[in-house]
Structures are given as C-alpha cells and as structure tokens.
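Encoded as structure tokens, the structure appears first; notes follow it.
For this chain, numbers begin at 1 and follow the sequence in order. Whatever order the structure lists ligands and atoms in, that order sets their numbers, starting from 1. Both backbone and side-chain heavy atoms feed into the values below; hydrogens, waters and symmetry mates do not.
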Amino acid sequence: SEEIWVIVKDIVDQKKAEKDILKAMHRAKQSERLKSAFLANISHEIRTPMNSIIGFAELLGNDDLPDERRKWYSRIIAENAEMLLAIVNNVLDISRLETGQLKVVRHETDLNKIISDIYDLFTLQAQEKGIELNIKNLLPKELAIVHTDESKLKQILINLTGNAIKFTHEGQINISCSVENGEVYFSIADTGIGIAPEDQKAIFERFRQVDDSTTRKYGGTGLGLTISLGLTELLGGSLKLESEHGKGSVFHVRIPVQTPVPGNETTLKKDS
Ligand code: ADP
C-alpha cells in the first residue's frame, strides 16, 4: 500500500510539472505577443511625427516662402522632433530603471512650482478637448518646500496627467496635493473612460495597454505607467489606482520626502 502512495505522489508531481510547463509556455507566448504589439505601436508612434518632419522640411526648402510660414513650419518640425525624443527617452528610461541605472538626486523643491508647471503644460491641451483641468489646491508656503528628486516627481505627474487628458472626453481632471507625516501625496482624478477591474493590475506592466489592437483609438507605447510606477518605487513611494469602467480613474501617488523643521528653514528633518 505504501508503494501505491509513492506512485500516486509521482503522478501528482508529474501533473503539477506539466501544469507549470503549460503556464510558462502561456507566459512566454503572451510576452511574445506583447513585444510584437509594442513594435507595431512604436513604429506607428515614430512614423507619424517622422512623416510630418520630412513633409515640412521639404516645404521649408521652397525659396519664396513668406517669413511667417517659415517660422510656422520650423515650429512644427521642432514639436514633432520633441515627440520623437520623448519616445526615445521613455524607452531609455525603462531600460535604465530595469537595470538599476537611474539614480535619485534630491534637492530643495517647491511643490507649488511643480503643480503650476503641470498646469501650464496641459491647460491648453485640456481646453482643446473641452475638458477642465483643475488644480484643487496649492500648498501653504511652509509645506511647499521639500527635499526630493524634482525631475522624477515631475515626470510621474506629467505621465499621469497626460494619460488623464488622453483618456477623458468630457468633464474634468482634478489634481490635488498635500504634505503630511513626511509624505507628499498627489491625486490625479479624471472623468474619463475608466479601467475595468481585470485590467487594473496589468496596465502597470510594460507595453501593456487596455486596447493594443492595430485599430486602437489611442496612441502610446504602454510605457508611461511602468515608468511612473518604477520612478515612484525608486523614490520609496507607492502608486495606487482606483477606477470605475466608464466613469473615471484616480491615481494616488505617495512619496516620502524631507520637510523643513519649523522655525529653521534651512535644516531638513531626517528622511524616513
Ligand atoms: P500608453 O498611455 O502609452 O498606452 P501607459 O503605460 O501610460 O501607456 O498606460 C497603459 C494603459 O493604461 C493605456 O493604454 C490605457 O489603456 C490605460 N490607462 C492609463 N491611464 C488611464 C486613464 N487615466 N484612464 C483610462 N485608462 C488609462
């Protein structure tokens, strides 16, 4: 009878191994699929600005172009080149994050300045889509100055706000900020298309998009959230999502920061 148990155990082990192999194969297949969707998407993302650069550069070659036009065309070329650069930078950031090559550089940072920069950067884009971009609050002066990695924090907020505008077609985007218990907290809330529960985890993985078909309605490469999560974690913080499909999404960013000791503006409290 002992022998029978050994045989049964063998069979169970074998079944388990088979299941593991199937799972691994499924994962490999899915990652292949993601990679080719990414290549197709990124080619498209590169081709659009590239075509515009080539087209307008040719127009610039025209000898009797009025000054006005020349200026206009060169601005379009510069803007499209910026878009290309942003794509390349995203790909570089992902690879630097994954190989641990991104270093945290903290210095005195004015959170209110970051908030108003975000507003300036996106307000026109929101207006053009007929949606409101609201900054719910600025911080009292004594809380606004913290010690953190300004450019990384800004990049996180730019990615999240850009997405909020991209995936919202009516209503508003509300950005609020607070500083408490040695932590800066941002929330970016939109009234956009929302994200179904089954997609809420996956979209933080690289190349992942809710819609990655060739007929998809929204551009992008599926790297923005991966970068935002990676940067947040690099700064020791957390990025959480709350969303209802068809209603909207809220992204919550928390990052530990050093805050000034009251009464001594130049000394900073020890970081947690
Ligand atoms: P990209 O925007 O380039 O597709 P991201 O990594 O920034 O890449 O986002 C991944 C996916 O998550 C998006 O394609 C979209 O499906 C979903 N998503 C992100 N932000 C939002 C949002 N605010 N509302 C709805 N869907 C979102």
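With salt bridges taken as basic N to acidic carboxylate O contacts below 4.0 Å, none links Glu150 and Lys113. Using a 4.0 Å cut-off between a side-chain N of Lys or Arg and a carboxylate O of Asp or Glu, Arg96 and Asp93 qualify as a salt bridge.
Among all protein heavy atoms, the one lying closest to atom 4 (O) of ligand 1 is Gln209 NE2, 2.5 Å. What sits closest to atom 6 (O) of ligand 1 on the protein, heavy atoms only, is Leu225 N, 2.8 Å. Nearest protein neighbour of atom 26 (N) of ligand 1, counting heavy atoms only, is Ile195 CG1, 3.3 Å. Nearest non-hydrogen protein atom to atom 24 (N) of ligand 1 is Phe167 CB, 3.4 Å. Nearest non-hydrogen protein atom to atom 17 (C) of ligand 1 is Ile203 CG2, 4.0 Å. Summary of contacts: the protein heavy atom closest to atom 16 (O) of ligand 1 is Val210 N, 3.0 Å. Distance from atom 1 (P) of ligand 1 to its nearest protein heavy atom, with residue and atom name: Gly222 N, 3.5 Å. Distance from atom 7 (O) of ligand 1 to its nearest protein heavy atom, with residue and atom name: Asn163 ND2, 2.8 Å.
Atoms of ligand 1 found under 4.0 Å from any heavy atom of Ser249 (numbered from 1 in listed order, with element): 24 (N). Listed by number with element, the atoms of ligand 1 under 4.0 angstrom from any heavy atom of Leu223 are 6 (O), 8 (O). Here is the list of ligand 1 atoms found below 4.0 Å of a heavy atom in Gly224: 5 (P), 6 (O), 7 (O), 8 (O).
Looking only at distances, no side-chain donor or acceptor of Thr191 sits under 3.5 Å from a matching main-chain atom of Gly248. Between the side chain of Asp110 and the backbone N or O of Asn112 there is at least one donor-acceptor pair closer than 3.5 Å.
At least one heavy atom of Lys166 sits closer than 4.0 Å to an atom of ligand 1. Using a 4.0 Å heavy-atom cutoff, Phe251 is listed among the residues neighbouring ligand 1.
If you run side-chain contact (heavy atoms from CB on, under 4.5 Å) between Ile188 and each of Ile175, Ile118, Val250, only Ile175 comes through. Of the residues listed (Arg69, Arg70, Arg75), the one engaging Tyr73 in a side-chain contact (heavy atoms from CB on, under 4.5 Å) is Arg69, and it is the only one.
With hydrogens and angles left out, the side-chain atoms of Glu183 and Asn181 include no donor and acceptor closer than 3.5 Å. Using modelled atom types and a 3.5 Å distance limit, the side chains of Glu242 and His252 yield a donor-acceptor pair.
At a heavy-atom distance under 4.0 Å, only side-chain atoms of Asp190, from C-beta outward, approach ligand 1. If you look at Arg208 next to ligand 1, the close heavy atoms, those under 4.0 Å, all belong to the backbone. Residue Ile193 touches ligand 1 through its side chain alone, judged by heavy-atom distances below 4.0 Å.
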Note to self: If you apply the rule side-chain hydrogen bond (donor to acceptor under 3.5 Å, both in side chains), what do you find for Asn80 with Ser52, and how did you get there?
What the structure shows: CA-CA 7 Å; Asn80 280 280; Ser52 152; 3.0 Å; yes
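For the pair Thr48/Met50, no side-chain contact is recorded, criterion being any heavy-atom separation below 4.5 Å from C-beta on.
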